[in-house]
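Report on one structure; see the data block that follows.
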Amino acid sequence: MPESTLIDRFAPSPTGLLHIGGARTALYNWLLARGSGGKMILRIEDTDRERSTKENVDFILEALEWLEIDYDEGPISQAAADPRHRAAIEELKASGHAYEFEGATRLKVPDEGETIVHDAIRGDVTFQHENIDDFTIARSDGSPLYNLAVAIDDLDAGVTHVIRGEDHLSNTPRQVMILKALGHEPPIYAHLPLLHGPDGKKLSKRHGAASVQELRDAGYIPAAVRNYLALLGWGYDDKQTIFTTEELQKLFTIERVSKSAAVFDEKKLQWMNGLYLREMPVEELTALIESFTGRTGLGPAVALCQEKISTLADFWPMAAFFFDGPIDDEKARTKFLDEEGKIRLAAARDALADLENFDSASIETALRGVCESLELKPNKVFQPIRVAISGTTISPGIFESLELLGKEDSLNRIEQALNKP
RNA sequence: GGCCCGAUCGUCUAAUGGUUAGGACGUCGGCUUUUCAAGCCGAAAACCGGGGUUCGACUCCCCGUCGGGCUACCA
């Protein structure tokens, strides 16, 4: 055990689905804790009872579980510490640091002097007291407010590193003042740059897949999402882009977190996810896709599609024809199953019908023979077959697809295509 | 409005006073080729502007511009 163990926390307020920005904050806290032998606490900031529904809390837990981000303590309800918060407020009042005004309790901020926030990412940030009004720490009904609660909770939990979004930076001097009024030293702060949408505005639902759940439903996998998110606001060197989780835990440092806001780029996530999918053992990918689609027996089709998909969701549209019959793409049929196409298709049918072994190698030999005897380029023959069995112009390799379909099914589909007007 | 933070290819980033400003996604071109992808090769593409400091600035300082955040009896 290190002499002083790092303790950090992820403290979301349950306002709905966990956004990508929140997920990244959780990830950075997690990487730091796991990489340093420290621990991470999950605390739900639910002092605003109106917004803090059980459903919203579940959204957060569900998202973290899917991301495979675990924590050593929690989920802790901030509201549960209410008595402790009230006691701190009383203490502040008793010591003359706080006073009541119009029912609410406010912290007295001196007119002179300054509070410096030592930020691990931005350096020292100085706030002049003259610019900070006395601020409310408890409502008129006595219930504690965020700035008070967060400072107390981090203090009590022994949090050494407060890593959160930059939107909290301006409130940090208030929390530091509370801590100091109580006679304590503030923790180390690190304020992460915010995430923006492609339009430069703060990331929101309007920007497409903005929540972890949406990412999951779009067919991305946790490892790829973690890798991508890690790079959104952090960089290791000038060459490495793909990191295992173990590498991330080992290499991640707050010092290398960038200062400026980043734009979430789904195209890059897509590419990275595809990379992960392609390098996965086919059995593993099959399991993921079967659970994603709710279908079984997908193995052979997954093997054929693995190199072509970049999300789990890409699989079904590409492979459905194996199971549910050819889809109906009018354009493809008129283009490739015209009179000439049918003549070639018929020739292919004859060659295939003669095959005893309906494996891809035999199929390839037979079909290439057809091309030769007809003196046609391969795709002149293959495309009509493709359209006949899949219904579209896009499919996995034609020989493998025929093999997977089997002789009977393949010939039936070809026959049907031939008979269509 | 006030306060705070930020600014390198379209996007994510590397560079920590001396580089032809590097990599990745995307884009474009080529190869491969049975379609589509993938893969491989190649190209275009950036230091916000102005002043300083320095022999020398993407790197340091100041001003401006732009962007963002905070300024609640929300978190």
Side-chain angles (χ1 to χ4, degrees), chain A residues 11-15 44-52 78 101-106 117 119 121-123 125-128 130-133 135-147 149-150 164-174 191 193-196 198 200-202 228-242 256 258-272 274-275 277-278 305-310 314 318 332 336 364 367-368 371 377-387 390 392-401:
Chain A
S13 85
T15 53
I44 307 295
E45 311 247 308
D46 53 358
T47 50
D48 181 350
R49 304 308 296 181
E50 291 193 11
R51 289 195 290 181
S52 307
Q78 180 162 67
F101 177 74
E102 290 180 349
T105 309
R106 292 168 176 265
V117 174
D119 190 283
I121 295 172
R122 287 152 217 288
V125 184
T126 305
F127 296 84
Q128 299 298 330
E130 59 181 335
N131 294 319
I132 303 178
D133 293 331
F135 58 96
T136 315
I137 56 177
R139 299 183 178 89
S140 354
D141 65 2
S143 62
L145 254 9
Y146 168 73
N147 279 129
V150 72
R164 68 221 316 190
E166 196 196 347
D167 48 339
H168 291 279
L169 181 54
S170 296
N171 272 321
T172 305
R174 296 182 172 85
H191 288 93
L194 264 18
L195 257 32
H196 288 174
K201 300 268 171 67
K202 193 176 175 181
Y228 176 74
L229 248 29
L231 259 30
L232 248 197
W234 175 83
Y236 179 60
D237 62 13
D238 62 348
K239 48 192 70 163
Q240 192 171 0
T241 304
I242 303 302
R256 291 196 65 85
S258 99
K259 294 180 174 71
S260 52
V263 173
F264 175 72
D265 177 13
E266 193 170 345
K267 279 275 192 297
K268 189 164 185 176
L269 206 211
Q270 236 167 56
W271 162 79
M272 193 176 281
L275 215 63
L277 258 34
R278 267 171 258 131
C305 296
Q306 179 165 22
E307 60 178 15
K308 298 180 190 301
I309 59 175
S310 53
D314 289 341
M318 179 171 290
F336 292 103
E364 176 163 8
L367 256 24
R368 290 201 187 278
C371 299
K377 294 207 167 180
N379 69 335
K380 294 284 183 193
V381 176
F382 297 170
Q383 242 359 34
I385 303 175
R386 193 185 310 283
V387 174
S390 75
T392 75
T393 55
I394 299 171
S395 84
I398 192 68
F399 316 125
E400 293 78 7
S401 293

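Convention: sequence-line order gives letters A, B, ...; per-chain numbering from 1. As a basis for the values below, the full set of heavy atoms in this structure was taken, side chains included, without hydrogen atoms, waters or symmetry mates.
If you check C48(B) for Watson-Crick or wobble pairing at under 3.5 angstrom, you find it paired to G64(B). Nucleotide U19(B) forms a pair with no other nucleotide shown, judged by Watson-Crick or G-U wobble geometry with both contacts under 3.5 Å. Across all strands shown, C70(B) forms a Watson-Crick or G-U wobble pair with G2(B), both key distances being under 3.5 Å. Applying the Watson-Crick and G-U wobble criteria (two distances, each under 3.5 Å), A24(B) pairs with U11(B). Using the Watson-Crick or G-U wobble rule with both distances under 3.5 Å, U54(B) pairs with nothing in any strand shown. Using N1 to N3 plus N6-O4 or O6-N4 for Watson-Crick, or N1-O2 and O6-N3 for G-U wobble, each under 3.5 Å, U33(B) pairs with nothing.
Nucleic acid contact for T126(A): sugar-phosphate only, since backbone atoms but no base atoms lie under 4.0 Å from a heavy atom of the residue. Looking at heavy-atom distances under 4.0 Å, I398(A) makes contact with a base. Residue R164(A) is out of contact with every strand shown, counting any heavy-atom pair closer than 4.0 Å. Within 4.0 Å (heavy atoms only), E45(A) reaches sugar-phosphate atoms of the nucleic acid but no base atom. Note on E102(A): a base of the nucleic acid sits closer than 4.0 angstrom, heavy atoms only. Residue-level contact check: S260(A) touches the backbone only, with heavy atoms under 4.0 Å from sugar-phosphate atoms and none from bases. Note on R386(A): a base of the nucleic acid sits closer than 4.0 angstrom, heavy atoms only. Residue contacts shown for F127(A) are limited to sugar-phosphate atoms, with no base heavy atom under 4.0 Å away. Using a 4.0 Å heavy-atom criterion, one finds that P396(A) contacts the bases of the nucleic acid, with or without backbone contacts as well.
Residues E102(A) and T136(A) are not in side-chain contact: their nearest non-hydrogen atoms beyond the backbone lie 4.5 Å or more apart.
Note on R174(A): every side-chain N or O is 4.0 Å or more away from OP1 and OP2 of C70(B). For the pair R256(A) and A15(B), the criterion of a side-chain N or O lying under 4.0 Å from OP1 or OP2 is met. Distances shorter than 4.0 Å separate some side-chain N or O of T47(A) from OP1 or OP2 on A75(B). For S258(A), a side-chain nitrogen or oxygen approaches OP1 or OP2 of U13(B) to under 4.0 Å.
Only the C1' atoms considered, U13(B) is 14 Å distant from C58(B), to the nearest whole Å. Between G51(B) and C25(B), the two C1' atoms lie 37 Å apart (nearest whole Å). A45(B) sits 34 Å from G64(B) when the P atoms are compared, rounded to a whole Å. Comparing C4(B) with C48(B), their P atoms sit 23 Å apart, to the nearest whole Å. Comparing the same atom, P, in G23(B) and in C9(B) gives a spacing of 16 Å after rounding to whole Å. Here, G2(B) and U59(B) have their P atoms 28 Å apart, quoted to the whole Å. Using atom P as the reference point in both C62(B) and A72(B), the two lie 29 Å apart (nearest Å). G52(B) and A57(B) have their C1' atoms separated by 12 Å, given to the nearest Å.
With rounding to whole Å, K259(A) atom NZ is found 14 Å from U13(B) atom C1'. As rounded to whole Å, 13 Å separates atom P of U33(B) from atom CZ of F382(A). Protein atom NE2 of H168(A) is 9 Å distant from nucleotide atom P of C70(B), rounded to whole Å.
Comparing C5(B), C73(B), U13(B) by their closest approach to the side chain of E166(A) singles out C5(B). Out of C70(B), U34(B), G67(B), the shortest distance to the side chain of H196(A) is found at G67(B). Among the nucleotides C36(B), U34(B), C12(B), the one closest to the side chain of V263(A) is C12(B). In the set C4(B), U34(B), C74(B), the nucleotide with an atom closest to the side chain of Q383(A) is U34(B). Taking only side-chain atoms of L194(A), from C-beta outward, the nucleotide of U35(B), G68(B), G6(B) with the closest atom is G68(B). When distances run from any side-chain atom of S170(A) to the nucleotides G69(B), C5(B), G2(B), the shortest one goes to G69(B). Closest to the R106(A) side chain, of the nucleotides C12(B), C73(B), G6(B), is C73(B).
Rounding to the nearest 0.5 Å places CG of L277(A) at 8.5 Å from CG of D314(A). The distance from atom CD1 of I132(A) to atom CG of N171(A), rounded to the nearest 0.5 Å, is 9.0 Å.
Relative to the ring axis of F101(A), R106(A) does not place its NZ or CZ within 45° and under 6.0 Å from the centre.
Both F101(A) and T393(A) lie near RNA chain B, and the one whose nearest nucleotide falls closer to the 5' end is T393(A). Both V125(A) and G397(A) sit near RNA chain B, but only V125(A) has its closest nucleotide nearer the 5' end.
Between the side chains of R139(A) and S143(A), at least one donor-acceptor pair of N or O atoms lies under 3.5 Å.
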Next item on the list: Show the numbers, then the answer: is there a side-chain contact (heavy atoms from CB on, under 4.5 Å) between M272(A) and T241(A)?
Entry: CA-CA 9 Å; M272(A) 193 176 281; T241(A) 304; 3.9 Å; yes
Item checked: Step-by-step side-chain contact (heavy atoms from CB on, under 4.5 Å) determination, H191(A) to V125(A) -> CA-CA 11 Å; H191(A) 288 93; V125(A) 184; over 6 Å; no
Next item on the list: List the steps and the verdict of side-chain contact (heavy atoms from CB on, under 4.5 Å) for R368(A) and F382(A).
Entry: CA-CA 9 Å; R368(A) 290 201 187 278; F382(A) 297 170; 4.2 Å; yes
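Taking the 5.5 Å centre cut-off and the 30° plane limit, the aromatic side chain of H191(A) is not classed as stacked on G69(B).
In this structure a side-chain-to-backbone donor-acceptor pair under 3.5 Å is missing from R256(A) to W234(A).
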Check: How would nucleotides 22-28 of chain B be written as a contact map, 5' to 3', with B for base contact, S for sugar-phosphate-only contact and - for no contact, using protein heavy atoms under 4.0 Å?
Finding: BSBBS--
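Aromatic ring pairs are classed by plane angle as parallel below 30°, tilted from 30° to 60° and perpendicular above 60°; the pair F264(A) and Y228(A) is perpendicular.
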